[in-house]
Asker: 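What follows is a single structure, and I will ask about it in a moment.
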Amino acid sequence: MTKRMINSEAQLESKAVPLTQLSRGQIGRIECTQAHPDDCSMLRAMGLHPDASIQMCRLGEPCIVSLSGACRIGLAKDIASRVFVHIDS
């Protein structure tokens, strides 16, 4: 199975961390997604794209996140671990 990296340089330069490392209530900005192309397309369709604001609502299975405060989405932990974010200060 081939994996596709999107904006992999941004992850390395900005010290982005997997979404699953955010604590409940913590906010970050999506830097990149490292996943299979089909998964990348699905995530983009749900609004998870580079520079989108994301807040951790519940960690676990599924991982519940809020996108820009507009909607909540449940993600499988495996998928959430492939979304890299820059944590807001």
Side-chain angles (χ1 to χ4, degrees):
M1 183 182 296
T2 306
K3 289 185 181 178
R4 180 174 152 198
M5 294 176 95
I6 300 173
N7 297 333
S8 59
E9 292 82 22
Q11 175 194 347
L12 296 174
E13 292 174 13
S14 68
K15 307 284 194 257
V17 298
L19 178 59
T20 52
Q21 289 189 9
L22 266 65
S23 301
R24 183 177 180 200
Q26 203 166 20
I27 298 171
R29 291 217 169 265
I30 297 174
E31 290 283 332
C32 62
T33 303
Q34 181 181 4
H36 187 274
D38 292 340
D39 293 334
C40 289
S41 294
M42 174 199 60
L43 293 170
R44 280 192 306 275
M46 293 191 309
L48 281 85
H49 53 79
D51 206 39
S53 177
I54 191 164
Q55 180 177 22
M56 179 61 68
C57 298
R58 184 178 75 110
L59 195 55
E61 188 71 43
C63 178
I64 308 293
V65 296
S66 175
L67 292 173
S68 303
C71 67
R72 289 186 174 195
I73 296 174
L75 298 171
K77 194 170 185 178
D78 180 56
I79 297 293
S81 69
R82 297 168 192 258
V83 176
F84 290 85
V85 299
H86 176 73
I87 299 171
D88 289 352
S89 302

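No hydrogens, no waters, no symmetry mates; every other heavy atom, side chains included, goes into these values. All values reported here derive from a predicted model rather than from experimental measurement.
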Asker: Atom CD of Glu31 and atom NZ of Lys15: how far apart are they, to the nearest 0.5 Å?
Answerer: 12.0 Å

Asker: Would you check, one step at a time, whether the test side-chain contact (heavy atoms from CB on, under 4.5 Å) holds for Leu75 with Leu43?
Answerer: CA-CA 9 Å; Leu75 298 171; Leu43 293 170; 4.0 Å; yes

Asker: Heavy atoms only: give me the nearest Met56-Ser23 pair and the separation to one decimal.
Answerer: CB-O, 3.3 Å

Asker: Considering all heavy atoms of both residues, which atom of Thr20 and which atom of Ser81 are nearest to each other, and what is their separation?
Answerer: CG2-N, 3.7 Å

Asker: If you define the side chain from C-beta out and look only at heavy atoms, does anything of Val65 sit under 4.5 Å from Val83?
Answerer: no

Asker: What verdict does the side-chain contact (heavy atoms from CB on, under 4.5 Å) test give for Leu22 and Leu59, after you've listed the backbone C-alpha separation in whole Å, the side-chain angles of each residue and the deciding distance to 0.1 Å?
Answerer: CA-CA 8 Å; Leu22 266 65; Leu59 195 55; over 6 Å; no

Asker: Can you measure from CG (Asp51) to SG (Cys32) and round to the nearest 0.5 angstrom?
Answerer: 12.5 Å

Asker: Could you list all the salt bridge (charged side-chain N to carboxylate O under 4.0 Å, His left out) pairs where at least one residue sits in residues 59-79, not counting sequence neighbours?
Answerer: Asp78-Arg82

Asker: Are more than 12 heavy atoms from other residues, nucleotides or ligands located less than 6.0 Å from atom CZ of Arg24?
Answerer: no

Asker: Between the side chain of Gln55 and the main-chain N/O of Ile27, is any donor-acceptor distance below 3.5 Å?
Answerer: no

Asker: Any chance you could measure Ile54, atom CD1, to Ile87, atom CD1, to the nearest 0.5 Å?
Answerer: 12.0 Å

Asker: If you measure from CG on Leu67 to CD1 on Ile73, what distance do you get to the nearest 0.5 Å?
Answerer: 4.0 Å

Asker: With rounding to the nearest 0.5 Å, note down the distance linking NE2 in His36 to OG in Ser41.
Answerer: 9.5 Å

Asker: Could you see if Ile64 belongs to whatever hydrophobic cluster contains Met42? Use Ile, Leu, Val, Met, Phe, Trp, Tyr and a side-chain cutoff under 4.5 Å.
Answerer: no

Asker: How close do Phe84 and Ala16 get, heavy atom to heavy atom, and via which atoms?
Answerer: CB-CB, 4.0 Å

Asker: At what distance, to the nearest 0.5 angstrom, does CD1 of Ile30 lie from CG of Leu19?
Answerer: 7.5 Å

